[in-house]
Amino acid sequence: EPLALRLRAALLQQFLSRREGQETLEGLPRLTEVLEGSRSEYSIGTALMGWEAQARWSAAFKAVFGPPEAEDRPYVLDLGGGRMIQCHPDLVYPEFVVEFKSVHPEKYAYARVRPFYVHLEQLRAYLLATGKPLGYLLYEDRGTGEVVVWEIPADPSVADRLRESLDNLARTTQDEDENLQEEVQL
């Protein structure tokens, strides 16, 4: 078996075991699903690159700031009316939250000028869920390793936007279920 195939298999196994070991809250949608408008699928290659960057930057933050109070564990964001979302911030410190993003060079060109809206909303939701006043959004260019960091203050109005997104997701899911039932009956 060629080395490249063995390496890919080993990385895939490592990624899958990490995903299986991640604490999740059954029955609650993940924040990324709500922000993206559907059940998100993970590209294993992209996830591995992001995981490697996250591990590297996480170690750097720990060396400077010490151990975080939480690392990649779920928080529940209660939006009222029985609407709850699970959030998994990368690092949570007493005064701030850190979210790492490893992006393609073309996307990094944009992130150098301004953070992506979906990432802003993600970090703002993490701030609301953790009760922290400040967050840092760190983008790394996958091609060059260049980094830009954005400081983002908490914004409680994110809850209204997330409620709307969650309601839209519920309607979309219901419509998809009804369409599937109609297809099955045909």
Side-chain angles (χ1 to χ4, degrees), residues 4 7-8 10-19 21-24 30-37 40-75 77 85-159 161-162 165:
L7 179 58
R8 181 173 168 74
L11 289 172
L12 176 60
Q13 183 58 44
Q14 191 174 19
F15 170 73
L16 292 174
S17 65
R18 181 174 189 273
R19 291 287 299 159
Q22 184 181 47
E23 185 181 351
T24 59
R30 292 179 64 103
L31 177 63
T32 51
E33 295 168 350
V34 175
L35 290 173
E36 294 172 6
S40 57
E41 295 294 325
Y42 290 91
S43 156
I44 292 171
T46 301
L48 282 171
M49 285 186 277
W51 178 43
E52 187 274 329
Q54 178 181 342
R56 191 168 8 90
W57 285 107
S58 180
F61 267 83
K62 290 174 191 173
V64 173
F65 297 103
E69 62 183 54
E71 182 173 4
D72 198 27
R73 80 158 181 84
Y75 284 81
L77 179 54
I85 301 172
Q86 60 178 306
C87 301
H88 293 259
D90 289 335
L91 294 175
V92 179
Y93 282 93
E95 301 84 26
F96 60 90
V97 172
V98 182
E99 184 64 18
F100 306 108
K101 300 294 178 190
S102 170
V103 295
H104 188 276
E106 290 174 8
K107 288 187 174 186
Y108 183 77
Y110 179 90
R112 286 181 58 206
V113 177
R114 70 180 57 84
F116 285 91
Y117 178 76
V118 69
H119 298 154
L120 280 173
E121 292 292 87
Q122 179 183 16
L123 184 56
R124 288 173 179 149
Y126 291 168
L127 294 173
L128 194 59
T130 61
K132 306 301 179 194
L134 197 58
Y136 293 94
L137 186 55
L138 185 146
Y139 285 98
E140 179 182 285
D141 183 322
R142 285 188 200 138
T144 65
E146 185 179 339
V147 173
V148 64
V149 179
W150 294 95
E151 184 177 279
I152 309 298
D155 178 2
S157 68
V158 71
R161 294 185 297 275
L162 287 172
S165 293

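Heavy-atom basis, side chains included; hydrogens, waters and symmetry copies ignored.
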Q. Looking at E95 and P133, what are the two nearest heavy atoms and their distance?
A. O-CD, 3.6 Å
Q) Is K132 salt-bridged to E69, cutoff N-O under 4.0 Å? A) yes
Q | Minimum-distance pair of heavy atoms, taken over all atoms of D141 and P105 | A | OD1-CG, 3.4 Å
Q: May I have the step-by-step check of side-chain contact (heavy atoms from CB on, under 4.5 Å) for W57 and L138, ending in yes or no?
A: CA-CA 9 Å; W57 285 107; L138 185 146; 4.0 Å; yes
Q | Residue pairs, two or more places apart or on separate chains, that pass salt bridge (Lys or Arg N to Asp or Glu O under 4.0 Å) and touch residues 145-156 | A | R112-E146, D155-R161
(Q) If you compare all heavy atoms of V158 against all heavy atoms of L128, which two are closest, and at what distance to 0.1 Å? (A) CG1-CD2, 3.9 Å
Q: Give a yes or no on whether the backbone of D90 and the side-chain of E99 come within a donor-acceptor separation of less than 3.5 Å.
A: yes
(Q) Can you list everything that forms a salt bridge (Lys or Arg N to Asp or Glu O under 4.0 Å) with K62? Sequence neighbours excluded, please. (A) E71
Q) At what distance, to the nearest 0.5 angstrom, does CG of L162 lie from SG of C87? A) 7.5 Å
Q: Examine the side chains of H119 and E121 and answer whether a donor and an acceptor come within less than 3.5 Å of each other.
A: no
Q | Audit row: E140, F100, side-chain contact (heavy atoms from CB on, under 4.5 Å) steps and yes/no | A | CA-CA 8 Å; E140 179 182 285; F100 306 108; over 6 Å; no
(Q) Can you list everything that forms a side-chain contact (heavy atoms from CB on, under 4.5 Å) with V148? Sequence neighbours excluded, please. (A) Y108, Y139, W150
Q: With sequence neighbours left out, write down each residue that passes ring-ring contact (aromatic ring centres under 6.0 Å, His included) with F65, or none if nothing qualifies.
A: F61, Y93, F96
Q: List the steps, then state whether side-chain contact (heavy atoms from CB on, under 4.5 Å) holds for I152 with L134.
A: CA-CA 6 Å; I152 309 298; L134 197 58; over 6 Å; no
Q | Heavy-atom side-chain contact between T130 and P89 under 4.5 Å | A | yes
(Q) Applying side-chain contact (heavy atoms from CB on, under 4.5 Å), can you list everything that pairs with A70, at least two apart in sequence or on another chain? (A) R73, Y75, V92
Q.
My understanding is that only residues two or more places apart in sequence, or in another chain, count here; which of them pass side-chain contact (heavy atoms from CB on, under 4.5 Å) with A154?
A. L127
Q.
If you compare all heavy atoms of G135 against all heavy atoms of L123, which two are closest, and at what distance to 0.1 Å?
A. C-CD2, 3.7 Å
